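This structure is a prediction, so every number in the text was calculated from the model and none was measured.
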Amino acid sequence: MIYIFHQNMKNYGGSGGKVDRTAIFYTAFRRIRSSFDEIKVAGFTEITNNSSATTGLRKLVEGLFGKIRAGGGLHQLAVVNCGRTALGRTEYVGYAVKRNITIRGFGRIYVQTGSKVVVDEAPVTTGVSPQVDVNGRKFKDWAKTMSTDALADYRVIVYAALELGDKIEVIGFVHNMYTLDNNRMSFMQMLPTMMAAAQGDDNIYVGGDFNVKARDIGSARRKKYYHYSKPMVGKPSGNDEKKFTGGGTLLSGRLYDYWFSNIAKNSASAPKPYIATNTLRMRGLSDHCGILLELQ
């Protein structure tokens, strides 16, 4: 079995400050790995920089995927610019892939003025079997910048085409707006077109914090994408937060963290959603659960 994972990191910038969030997240991620030991891909949203946050994420990826023995290399981590606000703040997505998985393609899907969907592909290696080297200079230069024609205050899907067993699977992550209702809803209307642009002929899975209620999107006339979600039942064990409401993926009780896929829910190959409440803390970690999807 293969699990993919997403976590809203609630403005994570790495270590520093009164609370060492990296150390606390690391402990939480190790506990998640003990329950889901075949996590192959992980996305981290609400990342505020690509310097100290990258250092912290490298440690956190080890907590989630497991440490590699000395001399065995590193897990693959990309911290990718995913757009800016109208006030000039840049946000990033952390995208982690286990060391032994081949990345065949990597990109961003964004929207220009006039609702034009753009596919912004990362450079690949040359040769008979091209792939993506997230540690290469060309990739890093691509990842740290973002085209100025992308709409500000609009969300970007960061995705990769991954060789998982004998299949290529497209897996993406996104963090939708929380404020600006018009942008939040127009992004959801554009999402099926954006996913189709990334999908190609393969299956696709996009997870994140969508900041709207979960529902299927698209249409049978074009392409339809099905939501996969798992709400909390009761209060998480060991959570002493007083501001807690059950039934969702946030402390508030809202169910905003979930997945989309082209695979119908009644299909034999339908993925299975799970939830990890270890990160749900108002102080130090996040007000969001981690979410997982088991691929068939």
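- Take Y258 and apply the ring pair (Phe, Tyr, Trp, His ring centres under 6.0 Å) test, not counting sequence neighbours, and it matches F210, F260.
- For T249, the side chain to side chain donor-acceptor pair (under 3.5 Å) partners at least two apart in sequence or on another chain are D257.
- For N135, there are no side chain to side chain donor-acceptor pair (under 3.5 Å) partners, not counting sequence neighbours.
- With sequence neighbours left out, E169 forms a salt bridge (charged side-chain N to carboxylate O under 4.0 Å, His left out) with K167.
- Listed by chain and residue number, nothing satisfies the ring pair (Phe, Tyr, Trp, His ring centres under 6.0 Å) test with H227 (two or more places apart in sequence, or in another chain).
- The other residues sharing a hydrophobic cluster with M146 are Y110, V118, V156, where clustering joins ILVMFWY side chains under 4.5 Å apart.
- Take T55 and apply the side-chain contact (heavy atoms from CB on, under 4.5 Å) test, not counting sequence neighbours, and it matches no residue.
- A search for ring pair (Phe, Tyr, Trp, His ring centres under 6.0 Å) contacts involving F173 returns Y95, not counting sequence neighbours.
- Note on residues 47-66: pairs passing ring-ring contact (aromatic ring centres under 6.0 Å, His included), not counting sequence neighbours, are F65-H75.
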Please list every donor-acceptor pair under 3.5 Å in which a side-chain atom of residues 191-207 meets a protein atom from a residue at least two apart or in another chain.
{"from": "Q199", "atom 1": "OE1", "to": "Y225", "atom 2": "OH", "distance (Å)": "2.7"}
{"from": "Q199", "atom 1": "NE2", "to": "D202", "atom 2": "O", "distance (Å)": "3.0"}
{"from": "N203", "atom 1": "OD1", "to": "N262", "atom 2": "ND2", "distance (Å)": "3.0"}

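- With sequence neighbours left out, Y274 forms a ring pair (Phe, Tyr, Trp, His ring centres under 6.0 Å) with Y3, F36.
- Within the structure, every pair that satisfies the side-chain hydrogen bond (donor to acceptor under 3.5 Å, both in side chains) test and touches residues 33-44, not counting sequence neighbours, is listed here: E38-K40.
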